Amino acid sequence: MKCPHCGYAESKVIDSRPADEGSTIRRRRECLMCAKRFTTYEKIERMPLVVVKRDGSRQTFDRVKVINGMVRACEKRPVPLSQLEAIADSVEAELQNALEREITTAEIGEMIMKRLKDLDEVAYVRFASVYRQFKDLNTFMEELTKLLGDKQGDDTQS
């Protein structure tokens, strides 16, 4: 690490501690030439995730858009924002751990729906109606029937 004071390339680490809730490491360094101290930050370099939209256009993954979509689906529902943020974290972590750097909006939607289904069924149906683009009342009823069938199957197993 180059010293910002004299430009010398060698320094020693005096102190290291986590910063930004553990996502960054803050290091105090001392230049081996001029003995002045400076601070550096080290963070994990993440590869950008590219989202392929329905029209074929591409844009970088935006966690805020994921949360906003879930907030709209959970409007007037007893779902805390912290749980929606946890879902967004979970989805983003799964995407980062995947080998693929490109993912479709439909795949992201399915990942979110899977998690919303366990959290709040009304929010799940609202979210599904947008992501699956329900064309009419019949497709909406098919999804509700499937949800009720899943719920009855879960109740009989309990």
Side-chain angles (χ1 to χ4, degrees), residues 1-133 143 147 150-151 154 157-158:
M1 182 66 61
K2 271 189 175 180
C3 173
H5 305 287
C6 71
Y8 190 66
E10 298 293 321
S11 64
K12 67 178 178 180
V13 176
I14 298 168
D15 180 45
S16 289
R17 63 180 67 170
D20 295 332
E21 298 173 2
S23 64
T24 305
I25 296 176
R26 178 185 181 269
R27 299 195 194 277
R28 284 296 290 160
R29 296 177 177 270
E30 184 177 296
C31 177
L32 296 177
M33 177 67 86
C34 69
K36 290 195 177 179
R37 293 182 176 188
F38 58 98
T39 303
T40 60
Y41 292 89
E42 181 180 312
K43 81 179 354 176
I44 295 172
E45 182 178 19
R46 297 197 180 261
M47 296 296 292
L49 292 168
V50 176
V51 178
V52 181
K53 300 184 78 160
R54 284 190 179 103
D55 66 1
S57 65
R58 287 169 164 69
Q59 60 184 224
T60 57
F61 177 81
D62 187 352
R63 184 178 178 277
V64 174
K65 285 184 178 182
V66 170
I67 292 173
N68 287 341
M70 290 188 294
V71 166
R72 281 192 300 276
C74 293
E75 195 169 308
K76 297 184 182 177
R77 300 294 304 157
V79 179
L81 183 59
S82 61
Q83 288 185 311
L84 300 181
E85 288 173 339
I87 289 174
D89 290 342
S90 167
V91 167
E92 187 173 15
E94 188 174 329
L95 293 173
Q96 284 289 349
N97 292 332
L99 297 176
E100 293 295 319
R101 300 312 328 148
E102 287 191 357
I103 187 159
T104 65
T105 54
E107 290 171 301
I108 294 171
E110 291 296 326
M111 293 168 76
I112 294 167
M113 284 188 291
K114 188 171 105 181
R115 290 159 173 86
L116 276 179
K117 190 175 187 179
D118 296 333
L119 183 64
D120 186 284
E121 292 172 342
V122 172
Y124 162 76
V125 172
R126 287 176 178 172
F127 195 89
S129 70
V130 173
Y131 257 91
R132 292 195 177 141
Q133 295 181 325
E143 189 63 34
L147 180 64
D150 290 349
K151 187 171 174 77
D154 291 345
Q157 292 176 1
S158 301

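The model shown is predicted, which means the values in this text are computed figures rather than measured ones. Along the sequence shown, the residues carry numbers beginning at 1.
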Are [X] and [Y] packed together at the side-chain level, in the sense that at least one heavy-atom pair is separated by less than 4.5 angstrom?
| X | Y | value |
| --- | --- | --- |
| Leu119 | Val79 | yes |
| Phe61 | Val50 | no |
| Met70 | Phe127 | yes |
| Leu81 | Val71 | yes |
| Ile25 | Tyr41 | no |
| Leu49 | Arg101 | yes |
| Val66 | Asp62 | no |
| Thr40 | Phe38 | yes |

Any chance you could measure [X], atom [atom1], to [Y], atom [atom2], to the nearest 0.5 Å?
| X | Y | atom1 | atom2 | value |
| --- | --- | --- | --- | --- |
| Leu116 | Arg77 | CG | CZ | 11.5 Å |
| Arg37 | Ile14 | CZ | CD1 | 3.5 Å |
| Lys12 | Arg28 | NZ | CZ | 13.0 Å |
| Leu95 | Arg63 | CG | CZ | 12.0 Å |
| Cys3 | Glu30 | SG | CD | 10.0 Å |

Any donor-acceptor pair under 3.5 Å linking the side chain of [X] with the backbone of [Y]?
| X | Y | result |
| --- | --- | --- |
| Arg115 | Met111 | yes |
| Glu107 | Thr104 | yes |
| Arg26 | Thr24 | no |
| Arg29 | Glu10 | no |

Q.
Hydrogens and angles aside, do Glu85 and Ser82 bring a side-chain donor and acceptor to less than 3.5 Å of each other?
A.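 The criterion, which ignores hydrogens and geometry beyond distance, is not satisfied for Ser82 and Glu85.
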Q: Taking only Lys NZ, Arg NE, NH1 and NH2, and the carboxylate oxygens of Asp or Glu, determine whether Arg58 and Glu102 approach each other closer than 4.0 Å.
A: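 Between Glu102 and Arg58 there is a salt bridge, with a charged N closer than 4.0 Å to a carboxylate O.
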